[in-house]
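Contents: one structure, followed by commentary.
We count residues from 1, following the sequence as given.
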Amino acid sequence: MFILSIILVIIGILMLIRPSIVWMVTEQWKSNGATEPSTFYSWMIRGVGVVFVVLGVLGLTVPGVSEI
């Protein structure tokens with residue numbers, strides 16, 4: 001659980017800071033001529049990044065979470 005929490009925090013921080021990198025890896029190949037993600041996509045990815053960071057920090061700090 002410790003490693004999963006660390007991975008969630010790292011991915012969440014990446015999503016918060018650079019949503020365009022996440023878009024390039026996951027969605028760009030689906031677009032025919034798009035050069036950057038939409039504003040809505042960027043805000044959505046940042047929101048999911050916040051959730052990932054919170055879950056990762058909870059997994060690292062709350063005792064008993066790793067037994068669930």
Side-chain angles (χ1 to χ4, degrees):
M1 188 66 165
F2 178 77
I3 294 174
L4 178 61
S5 297
I6 295 291
I7 291 170
L8 278 175
V9 170
I10 291 170
I11 292 173
I13 290 172
L14 176 68
M15 292 171 114
L16 282 170
I17 295 172
R18 297 295 301 240
S20 60
I21 292 176
V22 177
W23 178 78
M24 285 178 12
V25 171
T26 61
E27 304 292 329
Q28 185 178 21
W29 64 274
K30 297 176 189 176
S31 300
N32 196 10
T35 58
E36 63 183 29
S38 67
T39 304
F40 175 73
Y41 182 85
S42 294
W43 282 106
M44 184 183 63
I45 289 298
R46 286 186 175 124
V48 174
V50 169
V51 172
F52 277 23
V53 170
V54 168
L55 290 176
V57 169
L58 285 175
L60 292 171
T61 58
V62 175
V65 172
S66 61
E67 286 87 29
I68 294 177

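- When hydrophobic clusters are built by joining Ile, Leu, Val, Met, Phe, Trp and Tyr residues whose side-chain heavy atoms come closer than 4.5 Å, directly or via intermediates, W43 is not grouped with I45.
- Interatomic distance, CE of M15 versus CZ of F52, reported as 5.0 Å (0.5 Å rounding).
- Tracing side-chain contacts under 4.5 Å through hydrophobic residues (I, L, V, M, F, W, Y), one never reaches W29 starting from Y41; they form parts of separate clusters.
- Residues L16 and L58 share a hydrophobic cluster, clusters being chains of Ile/Leu/Val/Met/Phe/Trp/Tyr side chains in contact below 4.5 Å.
- Within the 4.5 Å cutoff, the side chain of L60 has heavy atoms near those of the F2 side chain.
- The CD1 atom of I13 sits 15.0 Å away from atom CZ of R18, with the distance rounded to the nearest 0.5 Å.
- Follow the hydrophobic side-chain contacts under 4.5 Å out from V54 and you reach V9 in the same cluster.
- Following chains of ILVMFWY side-chain contacts shorter than 4.5 Å, one can reach L14 starting from I7, so the two form part of one hydrophobic cluster.
- Here the shortest heavy-atom pairing between S5 and G56 reads CB-O, 3.4 Å.
- Note that the CD atom of E36 and the OG atom of S31 stand 11.5 Å from one another [nearest 0.5 Å].
- When each of R46, M24, M44 is checked for a side chain to side chain contact (heavy atoms under 4.5 Å, CB included) with P19, only R46 meets the rule.
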